[in-house]
Amino acid sequence: MEELRAFDGGAALLSTTVVTPAGGGKRKATVKLQPLDDKMANVGAPVVVHDGALVGTTLAVRPGFAGVLLFRGGAGAFAKLAIVDLDKGKIKTVDLPRTAPAGYGPTTAVACADADGFTVLWQEQGEAVGAVHSTMARVKTNGDVVMKPTSVAIPWSLGAIIDDGRGFTLAVRYDGQTPDQTRICFVTLTYAGGPEQHPWWGAKPAQVADLQLAMLAGIVQAIYRDVGKGGSVLTVPADKAAGQWGKDPPASKSLTVKNAGAPFGVKVKNGALVIVQK
């Protein structure tokens with residue numbers, strides 16, 4: 001599995017390799033981060049962020065740094081943020097105490113850059129059907145915790161998050177009866193993680209993958225791959241003024257990609273969204 005995220009001046013590629021021991025046993029994962037320059041060429045050697053038990057990951061970047069949220073459920077469940085100095089190749093790992101009740105375990109997460117470092121939001125599933133617990137935390141690039149892990153009232157399926165300058169915009173997934181009927185919906189959050197309204201419909205149904213958010217001329221844009229349409233990369237604005245639950249949004253617009261199946265990142269250049277790929 002690979003995740004690519006871009007920032008002004010460069011990008012980072014996160015790769016996870018999963019190995020199943022011969023003869024059975026617990027699967028293990030090696031997670032590596034490769035810094036990239038503005039032309040998507042490798043900068044130095046990849047940095048090993050994790051080598052051990054199977055984990056889930058999510059990646060966020062900012063100039064000079066990457067934040068890799070590592071999480072796992074089951075026995076030994078944990079959530080931690082690995083902050084990678086992209087220039088020096090050094091890692092600072094911050095353990096994030098979980099706030100979920102007993103019987104829950106981390107399953108999904110999103111992360112973004114913020115004014116000080118990184119904001120992370122993860123969800124844990126409980127044993128009962130539909131039991132979800134969400135936790136948000138904020139950490140500086142030096143590892144100092146700005147907002148300790150705090151329970152937040154976010155029950156929806158996580159898609160992507162961005163600091164929009166006044167709080168956060170969160171993209172969530174509203175799944176239909178088939179994979180190609182997933183809708184991207186949006187909800188704005190305070191910096192404390194409080195939802196400011198019910199999510200509104202943001203995009204027409206699609207088979208959504210690789211969902212990312214970017215700011216263009218002060219407006220949040222969702223960029224995503226529609227797997228059901230040959231991997232086309234599409235974009236749609238998060239229009240809080242016009243968006244409503246149950247109201248069909250305008251059609252998404254296509255973006256140009258070199259390789260429809262390869263990981264991509266997004267940056268803004270000359271007032272336009274640009275897709276970057278290695």
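These values consider heavy atoms only, across backbone and side chains, with no hydrogens, waters or symmetry-generated copies.
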Any chance you could lay out the side-chain contact (heavy atoms from CB on, under 4.5 Å) test for Leu14 and Val68, step after step, and finish with the verdict?
CA-CA 8 Å; Leu14 188 72; Val68 182; 3.9 Å; yes
Check for a donor-acceptor pair, side chain of [X] on one end and backbone N or O of [Y] on the other, with a separation under 3.5 Å.
X      : Y      : value
Asp37  : Ala41  : yes
Arg62  : Phe118 : no
Ser134 : Ile154 : yes
Asn42  : Gly44  : no
Gln277 : Asn259 : yes
Asp226 : Gln207 : yes
Arg173 : Thr182 : no
Arg183 : Ala203 : yes

Taking every non-hydrogen atom, the tightest pair across [X] and [Y]:
X      : Y      : value
Val49  : Ile91  : CA-CD1, 4.0 Å
Phe186 : Gly202 : CE1-CA, 3.6 Å
Ala192 : Val152 : O-CG1, 3.7 Å
Ala111 : Val120 : CB-CG1, 3.9 Å
Asp8   : Pro63  : O-CG, 4.3 Å
Lys140 : Ile83  : O-CD1, 3.2 Å

Do Val132 and Trp156 pass the side-chain contact (heavy atoms from CB on, under 4.5 Å) test, and can you show the C-alpha distance, the side-chain angles, and the key distance before you say yes or no?
CA-CA 9 Å; Val132 175; Trp156 312 288; over 6 Å; no
Can you tell me if NZ on Lys267 sees more than 12 non-hydrogen neighbours from other groups inside 6.0 Å?
yes
Within a reach of under 6.0 Å around NZ of Lys28, are more than 12 heavy atoms found that belong to other residues, nucleotides or ligands?
no
Are [X] and [Y] close enough that some pair of their side-chain heavy atoms sits under 4.5 Å apart?
X      : Y      : answer
Val19  : Arg27  : no
Glu124 : Trp122 : yes
Gln197 : Lys240 : yes
Asp248 : Lys204 : yes
Phe7   : Leu86  : yes
Leu158 : Leu121 : yes
Ile161 : Met136 : yes
Arg138 : Asp116 : yes

Between [atom1] on residue [X] and [atom2] on residue [Y], distance to nearest 0.5 Å:
X      : Y      : atom1 : atom2 : value
Ile275 : Gln212 : CD1   : CD    : 7.0 Å
Leu36  : Arg5   : CG    : CZ    : 13.0 Å
Phe78  : Leu70  : CZ    : CG    : 6.0 Å
Leu13  : Met40  : CG    : CE    : 9.5 Å
Asp85  : Lys90  : CG    : NZ    : 8.0 Å
Leu170 : Leu213 : CG    : CG    : 8.0 Å

Stepwise, does the side-chain contact (heavy atoms from CB on, under 4.5 Å) test hold for Leu255 with Ile223?
CA-CA 9 Å; Leu255 295 174; Ile223 303 93; 3.9 Å; yes
Tyr224 and Thr235 side chains, donor-acceptor separation under 3.5 Å:
no
Between Thr135 and Thr99, does any side-chain donor sit less than 3.5 Å from a side-chain acceptor?
yes
Walk me through whether Glu3 and Thr57 qualify under side-chain hydrogen bond (donor to acceptor under 3.5 Å, both in side chains).
CA-CA 9 Å; Glu3 298 175 71; Thr57 65; 2.9 Å; yes
Audit row: Ser254, Ser232, side-chain hydrogen bond (donor to acceptor under 3.5 Å, both in side chains) steps and yes/no
CA-CA 7 Å; Ser254 295; Ser232 298; 5.6 Å; no
Would Tyr191 and Asp114 count as a side-chain hydrogen bond (donor to acceptor under 3.5 Å, both in side chains) if you check the C-alpha gap in whole Å, the side-chain angles of each, and the deciding distance to 0.1 Å?
CA-CA 10 Å; Tyr191 277 127; Asp114 58 31; over 6 Å; no
[X] and [Y]: same hydrophobic cluster, using ILVMFWY side-chain contacts below 4.5 Å?
X      : Y      : answer
Val31  : Leu69  : no
Val236 : Val266 : no
Leu33  : Leu4   : no
Phe264 : Val268 : yes
Ile184 : Ile162 : yes

Between Tyr174 and Trp245 (judged by ring centroids, cut-off 6.0 Å), do the two rings come close enough to count as a pair?
yes
As a quick check of understanding, evaluate side-chain hydrogen bond (donor to acceptor under 3.5 Å, both in side chains) for His133 and Ser151, giving each step before the final call.
CA-CA 7 Å; His133 185 95; Ser151 297; 3.0 Å; yes
State whether Phe71 and Arg98 meet the cation-pi test: NZ (Lys) or CZ (Arg) under 6.0 Å from the six-membered ring centroid, and within 45° of the perpendicular axis.
no
For Arg72 and Leu54: C-alpha separation, side-chain torsions, deciding distance, then whether side-chain contact (heavy atoms from CB on, under 4.5 Å) applies.
CA-CA 7 Å; Arg72 65 173 279 116; Leu54 189 65; 4.2 Å; yes
For salt bridge (charged side-chain N to carboxylate O under 4.0 Å, His left out), just list the numbers for Arg166 and Asp164, CA-CA rounded to whole Å, side-chain angles, deciding distance to a tenth of an Å, and then say yes or no.
CA-CA 6 Å; Arg166 42 134 308 275; Asp164 60 25; 2.7 Å; yes
